Amino acid sequence: MRCELVTVPGGPERPNEDWASAAAPASGQGGVVVVLDGVTPPVGDDGCVHSVPWFTARLGGALVELSGSRRDMDLAEILSESIRRTADAHRPTCDLSHARTPQATVALARWGEHAVEYLVLSDAVLLLEGVDGAVRAVLDDRLDRLPPGSLASAATVDGRLRNKEGGFFTAAADPAVAARAVTGSIPVTEVRSLAALTDGASRWTEVFHEGDWAALLELVRKAGPQGLIDRVRELERADAAAGRVRLRRGKTHDDATAVFVEL
Ligand SMILES: [Zn+2]
């Protein structure tokens, strides 16, 4: 197995709210990849005395530990328990019922002797490349199904749609949200490589339409995660200079994370 992980903050003025980790071997064989994108709260009260990086470090740490040590739990159960643990860590000091309580999008993959298991919640992206070269994108498309006019990003979408029926779901303080994640598994013998991305990196396809998911994975294979993110930054600068044709009201540079694993 070979793994390459790159994360780049959107800018120097605020901390990187993406969080990523890879573990190998997990339970003696296979491995785990976790990628989180902390949802940036607007200025103002979020009911929490901590920070988004505080939250993602605890949630991500729990996901890595449980994915590696608890083969008896499936990934949805692991996400649920990780949310519970993280919530318990700040329940005494913070209002976890606040709509803006710290939260994150999730891409999680675990592989072992038999299968590659995967889980995606909100706008993180997981790509699975088959041994035949075909690329399958695991996407939670709830954001795409929001009413027209909603900004299609977990970071910017209207608070009224956040973690509500008919809206979209992120990992916040409610363990039950794990049931909303897109999950599945495929035989490990059918997978050549995988990539996990936050939306700051997947915008190469989703915002700039430079190529489809297969083309993105090909770029990552050839140029590495750093090559993908460098290209995204070039596209962002060019679009900003051209009047924000693609970026519109979105952030020029978002935190961007890409993890590429060859099994
Ligand atoms: Zn807190």
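Given the structure is predicted, the values throughout are model-derived calculations rather than measurements. Nothing fancy with the numbering, it's 1 onward along the sequence. Both ligands and their constituent atoms are indexed starting at 1 by order of listing.
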Margin query: Between Trp54 and His90, is the ring centroid distance below 6.0 Å?
Written below: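 Yes, they do, as the ring centres are separated by less than 6.0 Å.
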Next item on the list: Just grab all the side chain to side chain donor-acceptor pair (under 3.5 Å) pairs involving residues 222-231, residues at least two apart or on different chains.
Entry: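 Found Glu210-Arg231, Glu218-Lys222, Gln226-Asp230, Arg231-Glu234.
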Item checked: If only protein N, O or S atoms under 2.8 Å count, total around the Zn ion (ligand 1) ->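 That number is 4, waters not included.
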Next item on the list: Show your working on side-chain hydrogen bond (donor to acceptor under 3.5 Å, both in side chains) between Ser185 and Glu117 and close with a plain yes or no.
Entry: CA-CA 4 Å; Ser185 86; Glu117 300 162 85; over 6 Å; no
Item checked: Co-membership, hydrophobic cluster, residues Val33 and Leu59, 4.5 Å side-chain ->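 In one cluster: no.
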Checklist line | Criterion side-chain hydrogen bond (donor to acceptor under 3.5 Å, both in side chains) on Ser122 and Asp140, from CA distance to verdict | finding: CA-CA 5 Å; Ser122 194; Asp140 174 359; 5.5 Å; no
Notebook entry, point to check: Run the side-chain contact (heavy atoms from CB on, under 4.5 Å) check on Phe208 and Glu236 step by step: do they pass?
Noted result: CA-CA 9 Å; Phe208 294 110; Glu236 290 164 338; 3.8 Å; yes
